[in-house]
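Heads up: the structure comes next, in C-alpha cells.
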Amino acid sequence: MHAETDLLRQRLQRAVLLRRLPVWLALLLPFLLAAWLLPAARAAMLAGLAMALLWVVADLRRWRRRIHSEWTGWLNAAVPALEDSADLLAMDAISSIGRLQQQRLLARLHAVLGETEYAAIARSRVRWPLLPLLAALLWIAGGSVCQSRQQAGAAPMVAQRAAFVAGGGEVYLRVQPPAYTGRPGFETAARDVQIPQYSEVYWCAKNAGSARPVVELGDGSKLEVTADCVKQRVEESLFWRLRQAGATRYNIRVIADQAPEVTIAEPAELIHVLARDARSVQIAVSARDDYAISRASLHMTLARGSGENIRFSDREVPLPQSANPRERNWKKQWSLSELGMEAGDELYFFVRATDNAPDHPHTTQSPTYTLRLPAPEAESLDSTALPSLAKPETLRSQRQIIIDTEQLLADMQAPPAMPAATVRSRSEAIANDQAKLRLRYGQFLGEESSLFGDEHEGEHGHEGAAPPAGGFGRDSSMLKEFGHAHDQEDNATIFDPKTKAILKRALAAMWDAEKSLRAITPKTALPPEYKALEAIKELQAAERVYLHRTAFVPPALKEEKRMSGDIVGVLGYQRAQGTASSSVPAEVRELVQALAQDGALPALWSKAARDAISQRISDPEQKLAAQRSVQDVQDGCIPCRGELRAWLRGTLTQAPVLLQSRSVSDTPFRRAWNGKESAQ
C-alpha cells in the first residue's frame, strides 16, 4: 500500500517539477549568455549566475516540502469523486475496513488520473515568479550598460589616430604636472588627456625631418613645433590639432585644484551646551585635500563675562600631521581646565585649512561652533541682554513663582484639607507676584503701566467718561487719525524682532498663568509658568553674541602730502557717478547678424567670437564646444554657422539701465527768475 501511495506522490512531484523547469531555465540561461556576450561585465554576470543557482536549489527544496505536505489536498481539489477522502492515503490503515477504503481510493485515482490530469494539477498550483525574473533582467541590463560605457570610452581611443604630419613624422605630447601635486610626468601619443591645472604641456615632433608642424589651439593661437619642442602652461581646458587638412582634434581637460574639505565631527551641533558638572569635552576635526595640506589649525576664542564686561582671548592650535599628507585627523578629549573654561564661559572654535598650492593656495574655514558651560542658576534680568532696571525688594522671580505654585498644590493635596479662603488668598498672592513680574518685563516692549500702581486703572478708570467739550479731545482724535504715533509697542524699544518675539511669548505665558491663578486653578497655571521661565532663560542665553573680528583698513596716506594742505590727487570718499557701459560689443552683435546669412563675415570675426566665448562662458565643456564651432566655421563649414550663432546669442545680455543724476544750481538770481516766469 505504501508503494502505491509513494508512486502516486512521485507522479505528482514529477509533474510539478516539469512545470517549474522552464522558470529555472529562464533564470539561468540569460546569465550564461550574458557572461559569454559581455566580456567587460563577465565577473558581474558570473556572480549573478551563482545567486540564481542558489535560488533554484532553494526553490527545488521548497517545492518538495510543499508537495510532501499538501499533495492530498491537491488531489481532493482536482478529483471531486474522492469526497475529500485523500487524507486516508497518507495514514497507516490498521483495520481491514481502512485498508479496503484505501484500495478503493487508489483504484478510483488510477482510473481518473493520467499524465494530462497531473499536468493540469501542476498548472493550477505552480505560478511563474515575477520577482526573480525581473531582478535577473535588471542585473543583466546593468551589465550591458557597463559594457556599452566601456566600449564608448574605448571607441574614441580607437577612432583617434596618431597626429601624423603631412610631410612625415608624428607629433606627441609630454606632460609635466606641477611639483606640488606629487604626480609624475608622462609622455603619450596624440590623444585626449586629463591633466592637473597649471601643468606644462610639450608638443614634440618625432621623425619629422626638416618639417616644422604647426599646432593650432582652441583659443586661436598657433605653436610651431621645433626640435626642442614647444610648451604651453595650461590653466583651463582646451583642444588642439595640427594645422593641416583632415587633422583630428584632441582635448586636454584640466582638473582644477580643489579647496580643502573641513569637517567637525564632534560636537555634532553648532551650539553645544555642556552639563553643569562637565569636566571635559571631546572635539574631533578633520581636513582633507586632493593633493596635500600645508597648514591646518584649530582657532579657539574664549568669552568670559556678561553685559558690557566681556573679555575675549584667542588661541590657535595646529592640527598634527598624519602619514597621509592629504588629510589631517585629530580627535582629543579636552579637559575644561586645559581649555580655560569656567562656569558661564563660552568657547568658540573653527578649523582653517590651506592646501599646498604655491601660487594660488586655497583656504577653507569651517563654521564657528560654540561650547557653552552654563553658569550657576540665578534667575534675574540683571544678567541678561535687557537693559538694567531697578528691582524692588518685593518683586518675585519666575522660578520663585513656580516654587510657590507647586507648594500650594502640595498643601492642597495634603491632609487636612486647606480652607477655601486660604487657597484663594495664596493663589491671588501668587497671581499678584506674576502680574508684577509681567509688568516689569512688559516695560521692555513699551508698556507704560506702573509697576506699583493699578494696572487696570487705564482700562476702567474713565471708561464711561465723555470727551472734553473743548478742542483737546477733537485734536487728539485728529492726531490719532492722521498722525504717526512714535510710542507704539513695536516702535518703543531697540530690540531686534527675534528678542521681541521671545519677550511676547514670555508675557503671553505669564498672562495665562495669572488668569489661572486668579481663577483659583493653580494646577493649570504651572505649564504656562514653565513656558515663561523657558523664554526668560532663552533671553539670558542670548546675552553674548560672538562675531569674527572685522576692521576698516583705510588707504595708506602719502607722507609727502601730510601737513601740506595740498589736496591735488587725494582720493575722496564720495561715491563716484557711474558711467554708461555697453554689455554687448558692437562687433559681436554684427557677427551674430552676419552668421544668420551665407555671405562674408566681418573682418577679425574669429577674434571677436573667441573673446566673447572666453569672457562670457564659464563652463569648461560649453567653452570647448563653442571654440570648436568657431574652428569649424573657419574651416568653411556653412551649416556650422547656426551652432556658432547660437553660442554667441547665449552670451548676449541686455544693457543695464543706468540712472544719471543732473546737478542743478540754486542761486538767489535763479529763484528770482523762476518767480518772475511763474508770475507771467
Side-chain angles (χ1 to χ4, degrees), residues 377-413 418-465 485 487-495 499-543:
E377 293 188 4
E379 204 283 312
S380 172
L381 277 181
D382 297 337
S383 62
T384 65
L386 304 178
S388 60
L389 189 68
K391 179 179 178 181
E393 294 296 333
T394 58
L395 191 62
R396 315 279 283 180
S397 68
Q398 184 64 32
R399 190 177 300 278
Q400 187 62 43
I401 291 174
I402 294 175
I403 295 174
D404 293 345
T405 305
E406 292 177 345
Q407 184 62 41
L408 175 59
L409 289 174
D411 294 343
M412 290 172 60
Q413 296 175 0
M418 186 181 296
T422 305
V423 174
R424 176 179 293 275
S425 62
R426 289 181 60 178
S427 182
E428 288 181 349
I430 300 174
N432 292 333
D433 292 339
Q434 184 70 84
K436 293 177 182 179
L437 188 62
R438 175 176 58 82
L439 291 175
R440 183 192 178 203
Y441 278 91
Q443 288 189 351
F444 298 113
L445 284 180
E447 296 182 1
E448 298 181 357
S449 299
S450 173
L451 265 177
F452 305 103
D454 186 5
E455 58 174 313
H456 304 289
E457 180 181 357
E459 300 176 4
H460 306 289
H462 306 282
E463 185 177 354
D487 57 350
Q488 293 179 356
E489 176 184 346
D490 290 339
N491 300 328
T493 62
I494 60 174
F495 300 119
T499 304
K500 290 181 181 179
I502 300 174
L503 278 170
K504 290 180 179 179
R505 190 169 75 242
L507 292 178
M510 291 180 185
W511 179 247
D512 293 340
E514 182 184 349
K515 288 190 297 183
S516 299
L517 290 170
R518 294 192 185 279
I520 321 302
T521 55
K523 187 174 183 180
T524 59
L526 272 179
E529 287 176 0
Y530 276 106
K531 289 181 181 179
L533 179 61
E534 182 181 357
I536 293 172
K537 293 177 68 176
E538 189 173 350
L539 287 172
Q540 292 175 347
E543 67 170 332

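Remember, it's a predicted structure, so these values are computed and weren't measured experimentally.
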Problem set entry | Listed once per pair and sorted, the side chain to side chain donor-acceptor pair (under 3.5 Å) pairs that draw on residues 520-535, sequence neighbours left out | Thr405-Glu529, Glu406-Tyr530, Ser516-Thr524, Thr521-Thr524

Problem set entry | For the student: nearest non-hydrogen atoms of Pro528 and Asp512, plus distance | CB-CB, 3.9 Å

Exercise. Got Arg399 and Ile402 here, is their nearest side-chain heavy-atom distance under 4.5 Å?
Worked result: no

Exercise. In Å, rounded to the nearest 0.5 Å, how long is the span from CE of Met412 to OG1 of Thr422?
Worked result: 11.0 Å

Exercise. Just how far is it from atom NZ of Lys500 to atom CG of Leu507, taken to the nearest 0.5 Å?
Worked result: 13.0 Å

For this session: Drop me the distance from Leu517's CG to Leu408's CG, to the nearest 0.5 angstrom.
Result: 8.0 Å

For this session: Quick one: pull up NZ in Lys436 and CD in Glu514 and give me the separation to the nearest 0.5 Å.
Result: 11.5 Å

Seminar exercise, completed: Those residues at least two apart in sequence (or on a different chain) that pass side-chain contact (heavy atoms from CB on, under 4.5 Å) with Ala532 are Gln398, Ala509, Met510

For this session: Scan residues 419-428 for pairs that pass salt bridge (Lys or Arg N to Asp or Glu O under 4.0 Å), counting only residues two or more places apart or in two chains.
Result: Asp411-Arg426, Arg424-Glu428

Exercise. What distance do Ser397 atom OG and Ile403 atom CD1 have between them, rounded to the nearest 0.5 Å?
Worked result: 7.0 Å

Exercise. When rounded to the nearest 0.5 angstrom, what is the spacing between CG in Leu409 and OG in Ser427?
Worked result: 9.0 Å

Exercise. What are the two closest non-hydrogen atoms of Val423 and Ile520, and how far apart are they?
Worked result: CG1-CG2, 3.8 Å

